[in-house]
Amino acid sequence: MDFRDTPEDAGFRKTVQAFLAADYKPGEGGEARSAYQAGADGGPEAMDRYQKWMKKLATKGWIAPAWPIEYGGAGMSIMQQFVFNEELAKARAPRPGGIGIAMAGPTIIVYGTDEQKKQHLSGMLSGEDIWCQGFSEPGSGSDLASLQTTAVRDGDDYVVNGQKIWTSGAQFAERMILLARTDPQAPKHKGISYFLLDMKSPGVTVRPLINMANSPGFNEVFFDNVRIPAKDLLGEENRGWYIGTTTLDFERSSIGTSVAQTNAVDDLLLFIRERGGEVHPTMKLELAERSIEAETARLLSYRVITLQNRGQVPNHEASAIKLYAGELGQRIAASSIKLAGLYGVLDSKSKLGPDHAANRYAPRKGKFVRGYLNAVAGTIAGGTSEVQRGIIAGRGLGLPRG
Ligand SMILES: Cc1cc2nc3c(=O)[nH]c(=O)nc-3n(C[C@H](O)[C@H](O)[C@H](O)COP(=O)(O)OP(=O)(O)OC[C@H]3O[C@@H](n4cnc5c(N)ncnc54)[C@H](O)[C@@H]3O)c2cc1C
């Protein structure tokens with residue numbers, strides 16, 4: 001592959017750089033990558049900061065880089081989206097995204113009626129409507145097609161009963177993309193439908209789950225005779241599985257850029273320089289490994305982008321970067337904790353250090369330990385590492401099933 005920008009991409013890169021230099025103050029958007037992540041990790045203040053930054057991006061028409069211009073998106077090519085994400089990551093500015101912009105919106109653009117597009121897309125673009133994804137259930141994650149939540153047609157409505165789990169941001173969301181079984185007699189992939197649920201509907205209960213980083217990022221969601229108007233069915237009844245796989249393709253293709261991992265390694269080097277003192281020789285070797293691995297992740301991302309740019313659909317190649325980046329995230333987080341020493345396991349609220357109010361004993365205000373705990377999810381969310389290995393073995397290496 002040719003790593004140089006084309007003249008058009010180089011021009012676009014300069015435009016993004018100039019905008020960031022003029023309009024982005026370091027830290028102004030916070031560290032979150034979505035509104036609900038901001039809300040979960042930092043509360044209303046962080047959410048407000050994130051939304052303000054998104055509104056700035058909206059003034060440039062960059063809030064939905066991948067959407068076609070006719071729907072209010074930026075209509076960027078695959079390569080431009082990559083350049084855009086890369087420059088934002090280099091500047092440490094949060095990228096636009098979240099389930100509305102990255103997954104629900106593109107799926108509605110493909111399968112929605114004119115009325116559904118009119119009703120839902122503008123709220124995503126203005127940043128007003130937060131969406132969540134109601135796919136996984138207590139018994140259905142990797143084997144999603146086995147889901148048990150039911151939707152039964154009753155007059156002009158469907159009546160929904162069942163439960164979802166691990167629903168990120170459901171506590172803030174106005175809407176949910178929901179998969180539910182509409183034909184229990186049909187083979188499992190052929191009896192599922194796709195709904196655009198109003199989260200304020202009577203009978204919806206959201207119960208937050210606190211993860212081990214002490215963050216209420218995801219939830220259980222219960223449905224007790226929830227009525228969804230038939231106009232909120234997306235696509236045809238019982239074709240939801242196929243629409244859902246489109247959503248999952250959008251999810252995978254928007255899985256972060258590797259620049260964030262290069263940034264994380266750079267942060268460690270900066271930490272060492274600021275702290276001063278000796279670095280143990282084995283730690284030096286470990287950091288060299290992390291640096292090489294971050295570069296490898298970048299090359300694997302380029303491979304996927306190159307395929308997409310040629311109009312091909314990445315398959316096992318996307319699994320390879322998801323697998324590699326998820327596991328690398330955990331290795332970088334583990335190296336951070338080691339490097340920070342015994343105090344590295346303290347978070348900013350810890351009472352263990354004598355000077356906890358000044359955060360003197362919680363390096364980087366607990367960022368390392370939070371990163372370490374949150375990195376665990378990187379090999380589960382969006383498809384587990386074992387599932388990615390299965391895809392690489394079967395579709396990439398042509399190995400037999402079983
Ligand atoms: C932080 C986070 C956020 C999430 N957000 C959402 C969300 O917003 N909406 C949503 O719908 N879901 C969400 N999820 C759920 C996520 O999609 C599932 O957790 C994931 O798909 C795995 O499913 P599971 O948890 O049911 O595990 P299971 O599928 O039960 O897997 C259990 C174990 O078995 C292994 N396994 C399963 N199948 C195979 C196989 N075929 N071959 C080899 N090994 C296998 C898995 O790798 C794993 O180790 C989120 C998860 C996390 C961690």
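As a basis for the values below, the full set of heavy atoms in this structure was taken, side chains included, without hydrogen atoms, waters or symmetry mates. Read the numbers this way: they start at 1 and go in the same order the structure lists the ligands and their atoms.
Checked by distance only, ligand 1 and E386 come closer than 3.5 Å through their nitrogen or oxygen atoms. In terms of polar-atom proximity, D143 is not counted as a contact of ligand 1, lacking any N or O under 3.5 Å from an N or O of the ligand. Distances between N or O atoms of F135 and those of ligand 1 include at least one value under 3.5 Å. Distances between N or O atoms of W166 and those of ligand 1 include at least one value under 3.5 Å. An N or O contact shorter than 3.5 Å links S168 to ligand 1 by distance.
Using a 4.0 Å cut-off between charged nitrogen and carboxylate oxygen, D48 and K52 count as a salt-bridge pair.
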Show, in sequence, the C-alpha distance, side-chain angles and deciding distance for K60 and D23, and conclude whether the side-chain contact (heavy atoms from CB on, under 4.5 Å) test is met.
CA-CA 11 Å; K60 297 289 289 181; D23 287 305; 5.8 Å; no
Hey, mind stepping through Y194 and Y242 against ring-ring contact (aromatic ring centres under 6.0 Å, His included) and telling me if it holds?
CA-CA 9 Å; Y194 195 122; Y242 306 96; over 10 Å; no
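Two rings, from Y24 and W53, have their centers less than 6.0 Å apart.
Counting only non-hydrogen atoms, the option in G141, S385, G139 that gets closest to atom 24 (P) of ligand 1 is G141.
Between the side chain of N219 and the backbone N or O of T167 there is at least one donor-acceptor pair closer than 3.5 Å.
Classification of the F368-F271 ring pair by plane angle, with boundaries at 30° and 60°, yields perpendicular.
With a 4.0 Å cut-off on non-hydrogen atoms, I380 touches ligand 1 through its backbone as well as its side chain.
Of all atoms in ligand 1, listed by their number and element, those nearer than 4.0 Å to a heavy atom of A381 are 2 (C), 51 (C), 52 (C), 53 (C).
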